[in-house]
Amino acid sequence: MNNLCEELQDSVLENVTGGVNIGDTVTIRDNRIDYCPRCGRLLMNYQATITGVRGVLDGNTLYWVTRKCCGYKSSVIETAIVK
C-alpha cells in the first residue's frame, strides 16, 4: 500500500494554511484611513509587497512592507494582511 500522505516543508505549509512569504503582494486592511507620509495619499485598503519580518508582538508576526503607492516602507501586523 502506498503512503498517500507526504510531509510538507514549513515554507509549503505556510502557503497551504494561508501564510505569507517575503515577496508576496498583499492587501493591507485597515479599519481607519491611513495617511502615507511620503506621497500624501489617503489609504484604507492598500496594496503592499512583503519585504521582510520585523519580529513578533503578542504572538503575531510583524512584517516590513513596501507600499505600492510610492514605495514607502513601513511595518504591519499579520492580522491586517489579506492575501
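Because the structure is predicted, anything quoted here is derived from the model rather than measured.
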* Go through Thr66 and Tyr72 one step at a time and tell me if the side-chain contact (heavy atoms from CB on, under 4.5 Å) criterion holds. => CA-CA 5 Å; Thr66 301; Tyr72 181 73; over 6 Å; no

Please report, to 0.1 Å, the donor-acceptor pairs under 3.5 Å made by any side chain of residues 46-59, with sequence neighbours excluded.
{"from": "Gln47", "atom 1": "NE2", "to": "Thr27", "atom 2": "OG1", "distance (Å)": "2.6"}
{"from": "Thr49", "atom 1": "OG1", "to": "Lys68", "atom 2": "NZ", "distance (Å)": "3.1"}
{"from": "Thr51", "atom 1": "OG1", "to": "Trp64", "atom 2": "O", "distance (Å)": "3.2"}
{"from": "Arg54", "atom 1": "NH1", "to": "Ser75", "atom 2": "OG", "distance (Å)": "2.7"}

* Please answer: with hydrophobic residues joined when any side-chain heavy atoms are less than 4.5 Å apart, are Val65 and Val20 in the same cluster? => yes

* To do: Identify the two heavy atoms, one from Leu43 and one from Cys69, that lie closest to each other, and give their separation to 0.1 Å.
  => CD1-SG, 4.1 Å

* Structure fact -> d(Ile28 CD1, Ile77 CD1) to nearest 0.5 Å is 11.5 Å

* Search all heavy atoms of Arg32 against all heavy atoms of Met44 and return the closest pair with its distance. => O-CG, 3.9 Å

* To do: Go through the steps to decide whether Ile81 and Val76 satisfy the test side-chain contact (heavy atoms from CB on, under 4.5 Å), and finish with yes or no.
  => CA-CA 8 Å; Ile81 295 174; Val76 297; 4.0 Å; yes

* Asked: Got a second to check how far Thr61's OG1 is from Glu78's CD, nearest 0.5 Å?
  -> 4.0 Å

* **Inter-residue atom distance Arg67.CZ - Arg38.CZ, 0.5 Å rounding** => 11.0 Å

* Are Ile33 and Tyr35 in one and the same hydrophobic cluster, where Ile, Leu, Val, Met, Phe, Trp and Tyr link if side-chain heavy atoms are under 4.5 Å apart? -> yes

